[in-house]
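Take a look at the structure set out below.
The chains referred to below are lettered A, B, ... by the order of the sequence lines, with proteins before strands, and numbering in each begins at 1. Quantities reported herein were computed from a predicted structural model and do not represent experimental measurements.
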2 protein chains.
Amino acid sequence: MTTLTTVSEPAPRTPKAEQTRATIVAAAMDLFRTRGFEGATMRGIADAAGVSLGSAYYYFSGKEHLIQAFYGQMQDDHLSAAREVLETETDFAARLRGVLTVWVEVAAPYHEFAGTFFKNAADPTSPLSPFSPESADARAASTAIFRDVVEGSDLKVASSLRPRLPELLWLLHMGMVLFWVHDRSPGQERTLALVSGAVPLVDKLGRLSRLPVVRGVVNDVVALLDYLDD
Amino acid sequence: MTTLTTVSEPAPRTPKAEQTRATIVAAAMDLFRTRGFEGATMRGIADAAGVSLGSAYYYFSGKEHLIQAFYGQMQDDHLSAAREVLETETDFAARLRGVLTVWVEVAAPYHEFAGTFFKNAADPTSPLSPFSPESADARAASTAIFRDVVEGSDLKVASSLRPRLPELLWLLHMGMVLFWVHDRSPGQERTLALVSGAVPLVDKLGRLSRLPVVRGVVNDVVALLDYLDD
DNA sequence: CGGGCGAGTTGAACGTGTTCAGAAAGTGTG
DNA sequence: CACACTTTCTGAACACGTTCAACTCGCCCG
């Protein structure tokens, strides 16, 4: 499977160049992990990768672009881990819980410095924002996972809601990420508790959505989503 | 009424010092508005304020801390505008809608460059994050508004939910802000549409929360919130 | 052969946020 | 007034992200 790069760098021509890129990324990830995003300097990264400062900028147009390699890596890891879950589980709640839990596990090694990355989430001018056009591919790949979560399950929800569910679950995921970023508990257990608590709620809400009394509100929600999509 | 500073700078001793602080803030706001956060340099701000670079750092420990003045200003404006609404309206939906709409109006002049500010929202290491301990005061002041929205209204919700409602509405507010930051429509009309659409939904959901079928889920939500609060 | 071309590489240089040792101005105290 | 002490102020200096003109190297074409 090809890498889910969010914003594509100029495609490397030679294997040699590809190799150099990988070396720089590895050095960057290493320094990010040990020194944090701010603490890792471009000069340090270039040194660690055995290239000059200018070369680092030849391959990556800036420090932020090095993050995208990180994003892509994490997304790939999550996708393959999620697949394993989705191959074995059929119950909706178990599928959703599995996919979310697995994200927390995949992201765990980066928890300490992830905050400095996800800062960009709220910056509409940054191409790194998960809502930006440049992140459309990554977003699509992510919602595809949740589409799979829904479609491969036995979940019964109001018919109007069903097509919107993947997006909504992606949004839930984003909320979880925000919580996770601020979660200082050991092993991010509070985030795991949030998942354990929230998933059954979503499950119940899904079932409730078919009740006549509730269906009205649900349809309103869907209508609002439709409107906001243009 | 005293200013709702989020993180307090060392309290100024003399009126002269207070004056200098105000001059710097004014210069900063001006340059932020015209050149954006990144485009405005500390040297430029110091020059515009007629002080040296070092002096700017004497009064404000860094560029980010200048943002807090901005936050405080906006919060004050919102609070007084919200009060006007809350004095005239008694219907819950109208009160909520008014408070949220008024925020959009108050924030409108800063919309263009607000994104660079709200970046900090997702950064757990920044004291500027609305979830940080340093922002506790500002957060409390903000939730107080929503407490007022609830308490001054005729809203009937499940009893377990009621004490949690202000926090939840504050969270809704944060969500609206995130949407607003990414909203490029003229006059932020999409955000206003979101408010117009979401408020009746919240209203309906509140009423539904008293139904026996729904109350179970609502209690689960509240229990989860209780747990996450420690 | 050579000469041109483009990919890859380099470090000096620029503008930035921030720090800091010390100067200047103010404020009491004898 | 003289002296100490604190508050206020200053710009040079530092490390950083980023840019760029110049360089090297391998390769193809005439």
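Within 4.0 Å of A/A46, counting heavy atoms only, lies no atom of the nucleic acid at all. Nucleic acid contact for B/S52: base, since at least one base atom lies under 4.0 Å from a heavy atom of the residue.
Within 3.5 Å, no donor on the side chain of B/R43 pairs with an acceptor on the base of C/dG15, nor the reverse.
At a threshold of 4.0 Å, the pair A/R83-A/D148 does not count as salt-bridged, since none of the basic side-chain nitrogens sits closer than that to a carboxylate oxygen.
Computed from coordinates, the B/R21 CZ to D/dC9 P distance equals 12 Å when rounded to whole Å. In this structure, CE of B/M42 is placed 19 Å from P of C/dG15, rounded to the nearest angstrom. Following rounding to the nearest Å, B/I24 (CD1) and C/dG17 (C1') show an atom-to-atom distance of 15 Å. If you measure from atom OH of B/Y57 to atom C1' of C/dA21, you get 18 Å, rounded to the nearest angstrom. Atom P of nucleotide C/dG17 and atom NE2 of B/H65 are separated by 15 Å, given to the nearest angstrom. In this structure, A/D47 places its CG atom 11 Å from P of C/dT10, rounding to the nearest Å. Rounded to whole Å, atom P of D/dC16 lies 11 Å from atom CG of A/L53. Distance B/E38 CD to C/dG15 P: 18 Å, rounded to the nearest Å.
Remark: B/R33 CZ is packed, more than 12 non-hydrogen atoms of other residues, nucleotides or ligands lying under 6.0 Å away.
Which of C/dT10, D/dG17, D/dT10 sits closest to the side chain of A/K63 comes down to D/dG17.
Under 4.0 angstrom from either OP1 or OP2 of D/dC9 there lies at least one side-chain N or O belonging to B/Y59. For D/dC9, neither phosphate oxygen OP1 nor OP2 lies less than 4.0 angstrom from any side-chain nitrogen or oxygen of B/Y58. Within the 4.0 Å cut-off from OP1 or OP2 of D/dT8, not a single side-chain nitrogen or oxygen of B/S55 is found.
Residues A/H78 and A/Q75 bring no donor and acceptor atom of their side chains to less than 3.5 Å of each other.
Checked options A/L225, A/L168, A/L205; the residue passing with A/L161 is A/L168 (criterion: side chain to side chain contact (heavy atoms under 4.5 Å, CB included)).
With B/F131 as the aromatic partner, B/R139 does not meet the cation-pi criteria of under 6.0 angstrom to the ring centre and within 45 degrees of the ring axis.
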